[in-house]
Amino acid sequence: MSRRHQLLLEGLERLRERYDARYLESDPLAFPHRYQDPMDREVVGLVASALAFGNVASIRQSLERLCAWMGSRPAEFAIRLSVGPALRALGGFRHRWIDARDVVCLVRWAGLMIQAKGNIGAFFAEGYVAGDMAGSISAFRERALRLDHGGVYRSRRLPRSAGVRFFFPSVLTGACKRTNMYLRWMARPDDGVDLGLWPFVKTRDLVVPLDTHIYRIGRALRWTRRKTPGWRTACDITRSLSRLDPDDPVKYDFALSRMGILHDCPRHRNGLSCELCELRRSLRAR
């Protein structure tokens with residue numbers, strides 16, 4: 001390993017030591033951590049990652065309501081969900097453009113996955129191909145979208161405009177940030193942050209969840225030269241991280257995203273020296 005890579009690795013490790021489980025409350029991952037049963041964590045993790053867009057306050061507000069709605073046993077709730085009462089219970093729920101129908105459909109599908117395969121992980125595993133995360137995510141998406149919505153939407157078939165489709169994005173049209181986030185939570189070993197529920201998924205296959213913060217940091221550290229975020233950009237950044245740890249390239253994602261989200265990394269070039277500045281200096285080492 002070159003001196004530059006060694007210095008960068010040391011900087012990332014310091015960052016990871018700083019932004020550890022103490023910072024979970026700033027992340028939607030805090031919600032599945034509230035539960036002990038692995039199946040409950042799967043269900044709440046699916047919902048929490050699906051709604052992980054918008055500002056932190058609105059995400060927390062939406063997830064607090066949904067966790068109260070699902071109760072203490074979310075997996076059992078999902079299996080037994082009745083569409084009519086569920087829609088009435090959620091009333092006028094909205095998270096940005098997502099409404100009660102979309103969330104009810106997502107939780108219903110979680111229940112159908114559990115009923116069909118025993119848990120959500122086993123449902124994902126049927127389409128998982130080691131070494132091909134793009135194909136694995138595509139298979140998960142396609143199989144999920146074929147599930148019965150049970151009358152959540154008016155038309156018999158799932159409408160093209162159904163908001164639940166947003167929860168299962170395509171690698172052809174975006175970076176699949178929220179799906180990659182959910183997979184990181186489920187697949188990475190339990191280190192106090194991630195949950196380690198799906199050991200069958202190789203951590204080397206995981207792709208970094210690409211949000212605006214990771215994209216900005218990735219560009220600053222020359223992990224990608226692409227000028228627009230997307231699946232290929234996420235893969236670029238992941239490949240750069242794999243040079244530092246080929247077996248677990250996304251283990252720095254939580255710390256890097258905390259650095260961006262918590263504003264410890266100024267966006268303006270003339271800002272005070274920050275942790276990103278320290279990481280960038282390692283790239284200039286000889």
Side-chain angles (χ1 to χ4, degrees), residues 12 15-70 72-75 78 95-96 98 103 106-107 110 119-121 124 133 137 140 166-169 175-199 201 203 205-215 217 234 237-238 241 248-264:
L12 288 171
L15 200 66
R16 192 164 171 245
E17 288 176 6
R18 175 180 176 182
Y19 295 109
D20 57 13
R22 293 170 295 178
Y23 286 83
L24 272 172
E25 288 304 314
S26 66
D27 194 275
L29 180 52
F31 287 86
H33 269 281
R34 295 180 179 182
Y35 303 83
Q36 295 302 314
D37 186 274
M39 290 174 62
D40 290 337
R41 287 183 163 192
E42 281 187 325
V43 172
V44 176
L46 184 65
V47 173
S49 60
L51 270 67
F53 62 100
N55 64 60
V56 173
S58 68
I59 293 170
R60 289 192 61 85
Q61 183 179 22
S62 294
L63 292 178
E64 290 287 2
R65 181 174 179 186
L66 294 179
C67 284
W69 170 61
M70 290 186 288
S72 62
R73 299 300 301 274
H95 180 80
R96 303 286 292 277
I98 296 299
V103 175
L106 177 65
V107 175
N119 54 62
I120 298 173
F124 180 82
M133 189 52 76
I137 289 175
F140 181 56
F166 178 73
F167 300 146
F168 298 90
C176 297
K177 168 219 163 181
R178 287 165 292 108
T179 303
N180 284 323
M181 180 185 297
Y182 182 55
L183 291 171
R184 195 205 85 204
W185 295 355
M186 296 297 114
R188 284 204 67 255
D190 182 354
D191 57 0
V193 174
D194 294 316
L195 300 170
L197 299 179
W198 297 0
V201 175
T203 53
D205 289 343
L206 296 173
V207 176
V208 69
L210 184 66
D211 60 10
T212 56
H213 305 289
I214 297 298
Y215 175 63
I217 292 167
I237 294 174
T238 304
L241 288 168
D248 193 6
V250 305
K251 72 179 182 182
Y252 300 112
D253 173 62
F254 180 79
L256 287 168
S257 61
R258 292 315 92 197
M259 181 174 70
I261 290 170
L262 298 177
H263 306 295
D264 291 336

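For the numbers below, each heavy atom of this structure counts, side chains included, while hydrogens, waters and symmetry mates do not. In this chain, numbering begins with 1 at the start of the sequence shown.
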For the side chain of [X] and the backbone of [Y], is there at least one donor-acceptor N/O pair under 3.5 Å apart?
X: D194; Y: P189; result: no
X: R60; Y: E25; result: yes
X: D20; Y: R22; result: yes
X: K177; Y: F53; result: no
X: D190; Y: G192; result: yes
X: T203; Y: R188; result: no
X: R258; Y: S26; result: yes
X: H33; Y: V193; result: yes

Rounded to the nearest 0.5 Å, what's the gap from [atom1] on [X] to [atom2] on [Y]? Could you check?
X: F124; Y: I137; atom1: CZ; atom2: CD1; result: 6.5 Å
X: R34; Y: R41; atom1: CZ; atom2: CZ; result: 12.5 Å
X: L46; Y: F167; atom1: CG; atom2: CZ; result: 9.0 Å
X: F31; Y: L24; atom1: CZ; atom2: CG; result: 11.5 Å
X: Y35; Y: M70; atom1: OH; atom2: CE; result: 5.5 Å
X: I217; Y: M259; atom1: CD1; atom2: CE; result: 3.5 Å

What are the two closest heavy atoms between [X] and [Y], and how far apart are they?
X: V47; Y: L66; answer: CG1-CD1, 3.8 Å
X: A234; Y: L210; answer: N-CD2, 3.8 Å
X: D40; Y: S72; answer: OD2-O, 3.9 Å
X: I59; Y: L51; answer: CG1-O, 3.6 Å
X: I214; Y: L256; answer: CD1-CB, 3.7 Å
X: P32; Y: V44; answer: N-CG1, 3.7 Å

May I ask you to test the [X]-[Y] pair for a side-chain heavy-atom distance under 4.5 Å?
X: L183; Y: M133; value: yes
X: L63; Y: P28; value: yes
X: S257; Y: Y19; value: no
X: L29; Y: R184; value: yes

query: Should we say atom CD of E64 is surrounded by more than 12 heavy atoms from elsewhere, each under 6.0 Å from it?
result: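 Count over threshold, so yes.
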- prompt: Are F140 and F168 close enough that their ring centers fall under 6.0 Å?
  reply: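 Yes, the ring centres sit under 6.0 Å apart.
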task: Evaluate salt bridge (charged side-chain N to carboxylate O under 4.0 Å, His left out) for D191 paired with R16, printing each intermediate quantity in order.
output: CA-CA 11 Å; D191 57 0; R16 192 164 171 245; 3.6 Å; yes
- prompt: Within 45° of the six-membered ring axis of Y182 and under 6.0 Å from that ring's centre, is NZ or CZ of R178 located there?
  reply: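 No, cation not above the ring by the 6.0 Å, 45° rule.
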